[in-house]
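Everything below concerns the one structure shown next.
These figures come from a predicted structure and were not determined experimentally. Numbering starts at 1 and runs along the sequence shown.
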Amino acid sequence: MLIVQKFGGTSVGDLERIQNVANRVSETKKAGNDIVVVVSAMSGETNKLVAYAEHLSKNPARAEMDMLLSSGERVTAALLAIALSEMGFPAVSMTGRKAGIVTDNIHTKARIEVINPVAMQEAIKEGKIVVVAGFQGVSQDGNVTTLGRGGSDLSAVAIAGALKADLCEIYTDVSGIFTTDPRIEPKAKKLNEISYDEMLELASLGAKVLQNRSVELAKKLNVNLVTRTSFSDEEGTLITKEENIMEKPLVSGIALDKNQARVSLVGVKDRPGIASDIFTKLSNNNVNIDMIIQNVGHDGKANVDFTVPVGDLNDAKKVMDVFLKESEVDEVSYDENICKVSIVGVGMKSHTGVAAKAFSIMASENININMISTSEIKISMIIAEKYAELSVRALHNAYELDK
Ligand code: ADP
Ligand code: ASP
Ligand code: MG
């Protein structure tokens with residue numbers, strides 16, 4: 001078999017753990033498999049590098065951030081290759097560029113355009129274990145790019161797809177996908193399997209156990225994805241097609257995203273095309289918009305509220321300053337103390353009353369809901385951040401996810 005194994009930050013958090021990973025990888029190799037390992041930076045390393053840059057500048061160039069942040073993964077890749085070679089298992093580490101991962105040039109959140117896996121394939125043919133530095137690629141013009149926070153998951157899935165691997169295993173610090181973040185609700189239950197679509201919603205709505213774009217790609221390329229722990233042999237969670245799943249619970253999980261900010265526009269000039277102007281300009285500046293609400297305000301002017309990831313807030317502010325200056329908008333305010341709590345389940349497609357129950361739980365906890373959005377398989381609510389954990393536990397309990 002050809003297996004891609006990805007080890008996250010905690011799994012390679014210190015030298016002892018890197019040795020532990022080397023032992024695990026060597027076992028898979030001894031069993032007769034070909035392996036490509038994808039590694040993250042040691043835990044805390046990427047945040048440390050971000051802090052270094054922010055100490056020196058409020059607004060460091062994104063291309064320099066990529067140069068900086070991509071270094072964390074290279075350290076781990078080289079150390080793991082050294083450890084494996086020392087154990088008598090020939091190994092070679094590769095940067096994203098060497099592994100042939102070509103991206104667009106949107107620094108700090110680049111998209112993979114194509115993978116040229118020749119170097120990886122040649123090394124595998126020579127019997128080597130390939131260790132790839134995750135989270136990074138190279139743009140057509142030769143610059144280092146990174147794939148967005150948590151992006152080593154995406155590296156692993158994309159490589160598994162390009163090499164047509166039999167399996168892609170994501171090793172992390174929890175034993176699989178749980179009904180909610182087990183750090184928030186210790187009663188959370190591990191799922192044996194979950195559909196790509198539900199996992200994609202959970203990941204997009206804040207469950208950082210898998211980066212959302214990695215799940216999207218796994219679905220598209222039909223990659224067999226398993227999430228499991230690097231600290232024991234416990235079986236993990238299989239992420240697969242909906243039709244392969246036996247039990248379809250009404251609600252599969254609750255996700256929490258604290259990384260959200262609300263932008264409130266008061267007195268938006270009432271003219272055709274204003275919404276298009278605002279949101280096109282935001283999109284051109286790579287600001288991701290999530291929920292949008294528009295109300296009629298005073299004097300025929302409208303009020304518009306929308307949410308963005310906290311990381312995009314500075315860019316959003318710059319865009320809004322332009323509309324303020326041109327008097328297209330009277331006032332803008334920003335609120336970072338919000339969060340989004342979401343309920344996900346394919347069973348919602350065929351059942352009513354799931355949303356009503358969520359709203360009544362929030363009411364009984366005296367939590368005010370600021371914004372709501374729904375799709376076929378999810379309900380999301382924006383609430384004050386101070387109620388984040390409380391609401392997750394209340395909803396988990398109400399839908400009996402601990403049973
Ligand atoms: P890694 O460094 O291995 O990539 P991450 O920290 O990115 O690991 O993701 C693992 C973490 O995701 C867990 O420690 C857990 O707190 C969190 N998490 C959030 N939601 C879930 C969930 N539904 N199931 C499992 N873990 C979750
Ligand atoms: N080291 C990067 C991050 O912390 C990528 C990853 O771990 O997947 O976001
Ligand atoms: Mg991660």
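Judged by distance alone, the side chain of S155 and the main-chain N or O of F135 form a donor-acceptor pair under 3.5 Å. Looking at T76, its side chain does come within 3.5 Å of a backbone N or O of S40 through a donor-acceptor pair. Proximity of a side-chain donor or acceptor of R17 to a complementary backbone N or O of T10 within less than 3.5 Å is detected. Checked by atom type and distance alone, the side chain of N33 never pairs as donor or acceptor with a backbone atom of I35 at under 3.5 Å. Although no hydrogens or angles enter the test, the distance criterion places a donor-acceptor pair under 3.5 Å between the side chain of N303 and the main chain of G267. Looking at D312, its side chain does come within 3.5 Å of a backbone N or O of N288 through a donor-acceptor pair. Not one N or O on the side chain of K378 forms a donor-acceptor pair closer than 3.5 Å with the backbone of V344. In terms of modelled atom types and a separation under 3.5 Å, the side chain of D104 and the main chain of I106 share a donor-acceptor contact. With Q260 contributing its side chain and K340 its backbone, the two residues share no donor-acceptor pair below 3.5 Å. With S364 contributing its side chain and I361 its backbone, the two residues share a donor-acceptor pair below 3.5 Å.
The 12-atom threshold is exceeded at CE of M65, counting heavy atoms of other residues, nucleotides or ligands nearer than 6.0 Å. Other residues, nucleotides and ligands place more than 12 heavy atoms under 6.0 Å from the NZ atom of K317. Within a 6.0 Å radius of CD in Q294, more than 12 heavy atoms belonging to other residues, nucleotides or ligands are found. Enclosure of atom CD in E86 is not indicated, since only 12 or fewer non-hydrogen atoms of other residues, nucleotides or ligands lie within 6.0 angstrom. Atom CG of L324 is surrounded by more than 12 heavy atoms from other residues, nucleotides or ligands within 6.0 Å.
The structure places OG1 of T307 at 7.5 Å from CD1 of I289, a figure rounded to the nearest 0.5 Å. From T172, atom OG1 reaches atom CD1 of I177 across 8.5 Å, with rounding to the nearest 0.5 Å. Atoms CG and CD1, from L200 and I239 in turn, are 11.0 Å apart once rounded to the nearest 0.5 Å. Here the CG atom belonging to N143 is positioned 8.5 Å from the CZ atom belonging to R97, to the nearest 0.5 angstrom. Here the straight-line distance linking atom CG of N368 with atom CD1 of I382 works out to 12.5 Å at 0.5 Å rounding. Between N370 atom CG and I372 atom CD1 the span is 9.5 Å, to the nearest 0.5 Å.
Minimum heavy-atom separation, F231 to S11: CZ-CA, 4.3 Å. Considering every non-hydrogen atom in both V92 and A123, the closest pair reads CG1-CB, 3.9 Å. Of all heavy-atom pairs between L210 and A203, the closest is O-CB, 3.2 Å.
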- [ ] Please test R262 against Y334 for side chain to side chain contact (heavy atoms under 4.5 Å, CB included), starting from the C-alpha separation and ending with a verdict.
- [x] CA-CA 6 Å; R262 184 171 62 193; Y334 304 96; over 6 Å; no
Task: Residues C339, L256; criterion side chain to side chain contact (heavy atoms under 4.5 Å, CB included); working and verdict - done: CA-CA 7 Å; C339 69; L256 174 65; 4.0 Å; yes
- [ ] May I have the step-by-step check of side chain to side chain contact (heavy atoms under 4.5 Å, CB included) for L154 and L217, ending in yes or no?
- [x] CA-CA 8 Å; L154 179 63; L217 191 65; 3.9 Å; yes
TODO: Output, in order, the C-alpha distance, side-chain angles, deciding distance and verdict of side chain to side chain contact (heavy atoms under 4.5 Å, CB included) for L313 and V263.
DONE: CA-CA 9 Å; L313 191 57; V263 181; 4.0 Å; yes
- [ ] Under the salt bridge (Lys or Arg N to Asp or Glu O under 4.0 Å) rule, what do D277 and K269 come out as? Steps first, then yes or no, please.
- [x] CA-CA 11 Å; D277 286 354; K269 208 181 225 172; over 6 Å; no
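Side-chain contact between S152 and V39: absent, with no pair of heavy atoms (C-beta onward) separated by less than 4.5 Å. Between M94 and V36 there is no side-chain heavy-atom pair separated by less than 4.5 Å. Annotation: side chain of M348 is in contact with side chain of I343 (closest heavy-atom distance under 4.5 Å). Side-chain contact check for V37 versus I129: some heavy-atom pair is nearer than 4.5 Å. M120 has its side chain within reach of I159: a pair of non-hydrogen atoms, C-beta onward, lies under 4.5 Å apart. Side-chain contact check for F89 versus V25: every heavy-atom pair is 4.5 Å or farther apart. Side chains of N397 and R393 form no contact here, defined as non-hydrogen atoms less than 4.5 Å apart. Contact of the Y399 side chain with the V354 side chain is registered, since non-hydrogen atoms from C-beta on lie closer than 4.5 Å.
Between E216 and R213, none of the side-chain N atoms (NZ, or NE/NH1/NH2) sits under 4.0 Å from a carboxylate O, so this pair counts as no salt bridge. A salt bridge does not link E242 with K219: none of the charged nitrogens is closer than 4.0 Å to a carboxylate oxygen. A salt bridge links R24 to D233: one of the charged nitrogens lies within less than 4.0 Å of a carboxylate oxygen. In summary, K30 and E27 engage in a salt bridge, as defined by a charged side-chain N under 4.0 Å from a carboxylate O. Look at D315 and R62 and you find a salt bridge, because one of the NZ, NE, NH1 or NH2 atoms lies within 4.0 Å of a carboxylate O, short of that distance. Salt bridge absent: K208 and D153 never bring a charged side-chain N and a carboxylate O closer than 4.0 Å.
Note on ring orientation: taking the six-membered ring where Trp is involved, the planes of F306 and F279 are perpendicular (angle over 60°, cut-offs 30° and 60°).
Between the side chains of Q19 and N23, at least one donor-acceptor pair of N or O atoms lies under 3.5 Å. Defined by atom type and a distance below 3.5 Å, a donor-acceptor pair is missing between the side-chain atoms of S175 and T229. Judged by distance alone, the side chains of T180 and E185 never bring a donor and an acceptor atom under 3.5 Å apart. Side-chain contact of T145 with D66: a donor-acceptor pair under 3.5 Å is absent, judged by distance alone. Side chains of S195 and D197: a donor-acceptor N/O pair is absent below 3.5 angstrom, by distance only. Looking at T28 and Q5, their side chains do bring a donor and an acceptor atom within 3.5 Å of each other.
Exactly one of H396, K190, K187 qualifies for a side chain to side chain contact (heavy atoms under 4.5 Å, CB included) with T179. That residue is H396.
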